[in-house]
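Take a look at the structure below.
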There are 2 protein chains.
Amino acid sequence: MANQLSQLDQVFAALADPTRRAIVMRLCTDEASVGELAEPFEMALPSFMKHIHVLETCGLVQSEKEGRVRTCRLIPEALVGAEDWFQHQRAIWEARLDRFEAYVMKLKKERAAAKRPSKTAGKTTIKPSKRKGA
Amino acid sequence: MANQLSQLDQVFAALADPTRRAIVMRLCTDEASVGELAEPFEMALPSFMKHIHVLETCGLVQSEKEGRVRTCRLIPEALVGAEDWFQHQRAIWEARLDRFEAYVMKLKKERAAAKRPSKTAGKTTIKPSKRKGA
DNA sequence: TAATTGGTTAGCCATGAAGCTAACTATAAG
DNA sequence: CTTATAGTTAGCTTCATGGCTAACCAATTA
C-alpha cells in the first residue's frame, strides 16, 4: 500500500486542521513539550498526539524525548516548501495578468485608432448567452 | 450541521489533493471548461466534478455555465489568503531567528570579552529561560 | 518503595472524502 | 427529429481522519 503521498499533499493536509495549524503557529515562536502544546486544547492526549504525529510525518515538526518529556520543534523547511508552491502559482498568474493588461492596452489603442476617422460602432458581437427560465 | 470550517481549513484541504492542485495550476494560466480540465485525468466525470465543486466551495474557483459548457476560472484572492498565512508564520519564525542570532552574537562578544580581560564583561543579564540538560 | 507525572499503545466508533456506475437533462449538431 | 456532447444527479463502496476510553510504561518525586 503506502500510497506515496507527496510531501506537499501531506503538508497541506496537515495544515488543513486548525489544531495542527495552531501547533505550528505556536512552534514558530518557540519549541515546547507535548504537554505544553496540548494544554490549550480540550482534547484527550492520545488524540492530540495523533496531530503531533501527523506533523512529524509530513516533516513540519521534529521531536525528541528526554526523560519522560518529549520536546517538539518546527522544521521551517517544510513550511517554506509549501509557501514556494504558492509563489510559483502566483508568478504564473501574474504573468498572465500582465499579458492580459498588455492585451487590454492594445485594444484601447485600436479602439482609439478606430474612433478617430468616424463612428464604426456596429461590430460588437454580443452573444445572447444564458436564458434563465424563471 | 454546517461545521463552520474556516476558509483556510477549506483551502488547505482543497490543495492537499494533487488532482485539485493540478486544476488550480492549470487555471492559473487560463480559464477552461470542465471537459478540458478533466481530460488529463483518468477519472470518471462525476468524480472529477466533485473536485471542481470542492474548489468552488472554498472560493478558489468560480464557474459559469453557458449552453452546455461550464467554464471555470481561478479566484486568486483565496490563493493569496493562504499564502498570507505562510508569510505571517515566516515573519514570526524569522523574528525568532533574529532574536536567536542576536543572542548568539551577544554570546560571542562576551566570550571574546572574557578572553581579553580589557573589556567590561559583567553586564549581560541573560535569562536562562529553558534549560536543556545535555 | 509508592505515587505522580508525561507520554504511549491498543482498540473502538462516527464521519467524511474519493472513487465508481448507471441513469438522467439539456444543448448542439446532423 | 435524432443523435452526440457536456454535465449532472443519485446512490453505492471503501478507506482515512479525528475523536474517544482504558490500560500501560517509564521517569520523577515523596
Side-chain angles (χ1 to χ4, degrees), chain A residues 1-6 9-24 31-58 60-73 127-134, chain B residues 1-6 9-23 31-58 60-73 130-134:
Chain A
M1 304 285 162
N3 209 347
Q4 189 74 333
L5 286 242
S6 84
D9 288 6
Q10 293 187 79
V11 169
F12 280 136
L15 295 178
D17 184 283
T19 300
R20 288 192 295 255
R21 264 199 327 276
I23 296 173
V24 167
E31 59 180 51
S33 73
V34 169
E36 286 168 344
L37 288 173
E39 183 218 321
F41 300 96
E42 294 185 3
M43 190 183 293
L45 245 224
S47 314
F48 185 80
M49 285 295 294
K50 277 194 192 173
H51 288 297
I52 297 284
H53 190 243
V54 169
L55 290 171
E56 284 197 275
T57 301
C58 73
L60 276 168
V61 163
Q62 260 186 11
S63 73
E64 203 181 340
K65 198 166 180 178
E66 181 160 343
R68 55 185 171 171
V69 173
R70 176 171 295 278
T71 302
C72 305
R73 66 183 153 292
K127 279 184 268 183
S129 71
K130 65 197 94 294
R131 274 179 307 140
K132 238 194 166 173
Chain B
M1 283 173 93
N3 209 347
Q4 190 74 331
L5 285 243
S6 84
D9 289 4
Q10 293 186 80
V11 169
F12 281 136
L15 296 178
D17 184 282
T19 301
R20 287 192 295 255
R21 265 201 324 279
I23 295 172
E31 59 181 50
S33 71
V34 169
E36 287 167 344
L37 289 172
E39 183 219 323
F41 300 96
E42 292 187 3
M43 190 184 295
L45 243 225
S47 315
F48 185 80
M49 284 294 294
K50 278 195 192 174
H51 288 298
I52 297 284
H53 189 243
V54 169
L55 290 170
E56 286 197 274
T57 300
C58 72
L60 277 168
V61 163
Q62 261 186 11
S63 72
E64 205 180 339
K65 197 166 179 179
E66 181 160 345
R68 55 187 169 168
V69 174
R70 176 171 296 277
T71 303
C72 304
R73 67 182 153 292
K130 62 195 83 310
R131 275 173 304 141
K132 225 189 167 181

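Predicted model only: the values in this text are computed from it and were never measured. The figures that follow rest on heavy atoms only: side chains count, while hydrogens, waters and symmetry mates do not. Residue numbering restarts at 1 for every chain, and letters A, B, ... go by the order of the sequence lines.
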Those residues that, when tested against [X], pass side chain to side chain contact (heavy atoms under 4.5 Å, CB included) (two or more places apart):
X       : answer
A/Ala16 : B/Phe12, B/Ala13
A/Pro40 : none
B/Arg70 : B/Val34, B/Ser63, B/Lys65

>> Quick check for you: among C/dG7, D/dG18, C/dA18, whose closest atom lies nearest to any side-chain atom of B/His51?
In response: C/dA18
What is the separation between atom [atom1] on [X] and atom [atom2] on [N], rounded to the nearest whole Å?
X       : N      : atom1 : atom2 : value
B/Leu45 : C/dA23 : CG    : C1'   : 14 Å
A/Glu56 : C/dG7  : CD    : C1'   : 13 Å
B/Phe12 : C/dA17 : CZ    : P     : 18 Å
A/Asp9  : C/dA18 : CG    : C1'   : 13 Å
B/Leu55 : C/dA18 : CG    : C1'   : 14 Å
B/His53 : D/dT9  : NE2   : P     : 9 Å
A/Phe48 : D/dG19 : CZ    : P     : 11 Å
B/Met49 : D/dA10 : CE    : P     : 13 Å

Would you give the length of the straight line joining atom [atom1] of [X] to atom [atom2] of [Y], rounded to the nearest 0.5 angstrom?
X       : Y       : atom1 : atom2 : answer
B/Met43 : B/Thr19 : CE    : OG1   : 4.0 Å
B/Asp17 : B/His51 : CG    : NE2   : 4.5 Å
B/Glu56 : B/Met49 : CD    : CE    : 7.5 Å

>> Is A/Ser47 close enough to D/dG18 that one of its side-chain N or O atoms is under 4.0 Å from OP1 or OP2 there?
In response: no
Measuring only between side-chain heavy atoms, which start at C-beta, is [X] closer than 4.5 Å to [Y]?
X       : Y       : answer
B/Arg20 : B/Cys58 : no
B/Gln10 : B/Thr57 : yes
B/Glu64 : B/Thr71 : no

Sub-3.5 Å pairs of nitrogen or oxygen atoms, protein against nucleotides 28-30 of chain D:
residue: D/dT28; atom: O4'; partner: A/Arg68; partner atom: NH2; Å: 3.3

> B/Ser33 near the nucleic acid: base, sugar-phosphate alone, or nothing, with a heavy-atom cut-off under 4.0 Å?
Replying inline: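 Sugar-phosphate contact only.
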>> On a heavy-atom basis, which atom in B/Ala22 and which in B/Phe41 lie closest, and how many Å separate them?
In response: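 Of all heavy-atom pairs spanning B/Ala22 and B/Phe41, the closest is CB-CZ, 3.7 Å.
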> B/Arg21 and B/Leu15: which non-hydrogen atoms are nearest, and at how many Å?
Replying inline: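 That would be NH1-O, 2.7 Å.
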Short N/O separations, protein against nucleotides 11-13 of chain D, under 3.5 angstrom:
none

> Can you list, by residue number, the residues of residues 34-44 of chain B that have a non-hydrogen atom closer than 4.0 angstrom to DNA chain D?
Replying inline: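 B/Val34, B/Gly35, in order of number.
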